[in-house]
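Notes follow the structure.
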Amino acid sequence: MKMSDHMNIFTIRKKIVMASKLMGAILVVSYVFSTRLPLNADVSFIIWMVFVAVLICVIDLWMARFISKPVSELNEAAGRMADLDFSHLCEVTGHDEFGQLSHSLNVMAGNLQKAFEELEHVNRKLEQDVEQKKRLLAERKELVDNLSHEMKTPLGVIRAYTEGLQDETDEAKRQNYYEVIIKETERMSSLITTLLDLSALENGATELAPERFDFVEFLETVAGRLLMDIPDADFELQYELPELPVYVHTDKGRMEQVLNNLIINAKRNVQPGGILKLSLTEQDGMLVFSIYNQGHCIPEENLTRIWTKFYRDKNTKYSGSGLGLAIVAQILSMQHLPYGVLNRQDGVMFYFSIPSIK
């Protein structure tokens, strides 16, 4: 036992010893006092017994307050902690062993609560890591499956034309075979590059690099490169653009991909002699881009499916990889920009919105 325990008069042992000595002294004094009363001995004894009974009740109340009640509260607190309930701390206070035990239990409860919270945080992180690994494995499998599926046709064409080269003696046909092989090789290379880029966007391996630029001039440059001065163009180009610069803050390179894919998609699906219209307008602080091509409408049940990878509408003449609109959707979704597609009376309109800045 520590020296401080000997000096501390508030310990339970000291309280009990002091209470027992005080009770003994009171009993002796009360007995002597009762025997000296000018009363009959039996009456004096009865009075003393009544006093003893009252004294016992007082001592019992004292014991209940300073011993039984704290023990009960400590037991309840320990029971709650055993059930991992740390929401209610022990409220026993004082300088005796009960107060010290209560303080120790509360400190232990706080440490356990903190340890459980840290453990839950670690478990959540582990779950997230496991889910991320599962997702990456699923994406990797999907990538391999998609590549395997999409490579079958060009590889089959390349193999067939390569075998044809071995037996073909006509130089013109051989040159044609070479051109087909080169075209299919370029197609495969483009498909792989596009698919890897989309996969990087989907799993977060690629981050956006926003910058401020004039979107009107930007659109004129991209659209001019894809639509102007095309010798075999068989459509009527219309456009509606703001006269003054309108600035945005976004990834310029990625937005060029978006415009490229939407414009190429519209150009390939516009009917011969039909209208292809570009529109850029300002509405409530938003810059709204739309591109309309006159031609076949998209079946209503397929309007949401066109944004998925490798989707192709058999009613259109579009012969691409089926990844362009998926990339558009992914880039715009990463920036939380609204986008969509609408069927018009005699064509299709794609659109998206982006906040304008000063």
The criterion is ring pair (Phe, Tyr, Trp, His ring centres under 6.0 Å); which residues satisfy it with F289, sequence neighbours excluded? F352

Looking only at heavy atoms, the pair that brings V248 and F215 closest together is CG2-CD1, 3.8 Å

Could you measure the distance from the [atom1] atom of [X] to the [atom2] atom of [Y]? Nearest 0.5 Å is fine.
| X | Y | atom1 | atom2 | answer |
| --- | --- | --- | --- | --- |
| I331 | L198 | CD1 | CG | 9.0 Å |
| K173 | L165 | NZ | CG | 12.5 Å |
| L342 | Y351 | CG | OH | 5.0 Å |
| R124 | E120 | CZ | CD | 6.0 Å |
| N343 | M349 | CG | CE | 10.5 Å |
| L278 | L227 | CG | CG | 6.0 Å |

Does a side-chain heavy-atom distance below 4.5 Å link [X] with [Y]?
| X | Y | result |
| --- | --- | --- |
| V216 | P245 | no |
| V348 | N269 | no |
| P355 | L337 | yes |
| Y339 | S333 | yes |
| N293 | F235 | no |

Going by salt bridge (Lys or Arg N to Asp or Glu O under 4.0 Å), name the pairs with one or both residues in residues 249-266, residues two or more places apart or in two chains. D197-R254, R225-E256

As a quick check of understanding, evaluate side-chain contact (heavy atoms from CB on, under 4.5 Å) for V222 and M255, giving each step before the final call. CA-CA 10 Å; V222 175; M255 291 308 295; over 6 Å; no

With sequence neighbours left out, write down each residue that passes side chain to side chain donor-acceptor pair (under 3.5 Å) with [X], or none if nothing qualifies.
| X | answer |
| --- | --- |
| N176 | none |
| E236 | Q238 |
| E117 | Q113 |
| Q128 | none |

Just by modelled atom types, is the [Y] backbone N or O under 3.5 Å from a matching donor or acceptor in the [X] side chain?
| X | Y | answer |
| --- | --- | --- |
| S189 | T185 | no |
| N261 | Q257 | yes |
| D346 | Q294 | no |
| N302 | I298 | no |

According to a hydrophobic-cluster definition based on side-chain heavy atoms being under 4.5 Å apart (Ile, Leu, Val, Met, Phe, Trp, Tyr only), do M228 and L241 belong together?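 The answer is yes; both residues are in one hydrophobic cluster.
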
Applying salt bridge (charged side-chain N to carboxylate O under 4.0 Å, His left out), name anything that partners D129, two or more places apart in sequence or on another chain. K125

For E163, give me all partners under salt bridge (charged side-chain N to carboxylate O under 4.0 Å, His left out), at least two apart in sequence or on another chain. R159

Hey, what else clusters with I357 if you join Ile, Leu, Val, Met, Phe, Trp, Tyr whenever side-chain heavy atoms sit under 4.5 Å? Y247

Using a side-chain heavy atom cutoff under 4.5 Å and only I, L, V, M, F, W and Y, what cluster partners does V122 have? L126

Sequence neighbours left out, what pairs pass ring pair (Phe, Tyr, Trp, His ring centres under 6.0 Å) with at least one residue falling in residues 163-206?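 Qualifying pairs, neighbours excluded: Y161-Y177.
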
Worked check of side-chain contact (heavy atoms from CB on, under 4.5 Å) between L325 and L262: CA-CA 7 Å; L325 293 180; L262 291 178; 3.9 Å; yes

Within a 6.0 Å radius of atom CG on D170, are there more than 12 heavy atoms belonging to other residues, nucleotides or ligands? yes

One pair to check against side-chain contact (heavy atoms from CB on, under 4.5 Å): F350 and N265. What are the steps and the verdict? CA-CA 10 Å; F350 288 83; N265 179 73; 3.3 Å; yes

So I192 and L196, side-chain contact (heavy atoms from CB on, under 4.5 Å) or not? Walk me through it. CA-CA 6 Å; I192 293 172; L196 290 175; 3.8 Å; yes

Quiz: residues 205-213 side-chain donor-acceptor pairs under 3.5 angstrom, not counting sequence neighbours:
from : atom 1 : to   : atom 2 : distance (Å)
R212 : NE     : K358 : O      : 3.1
R212 : NH2    : K358 : O      : 3.0

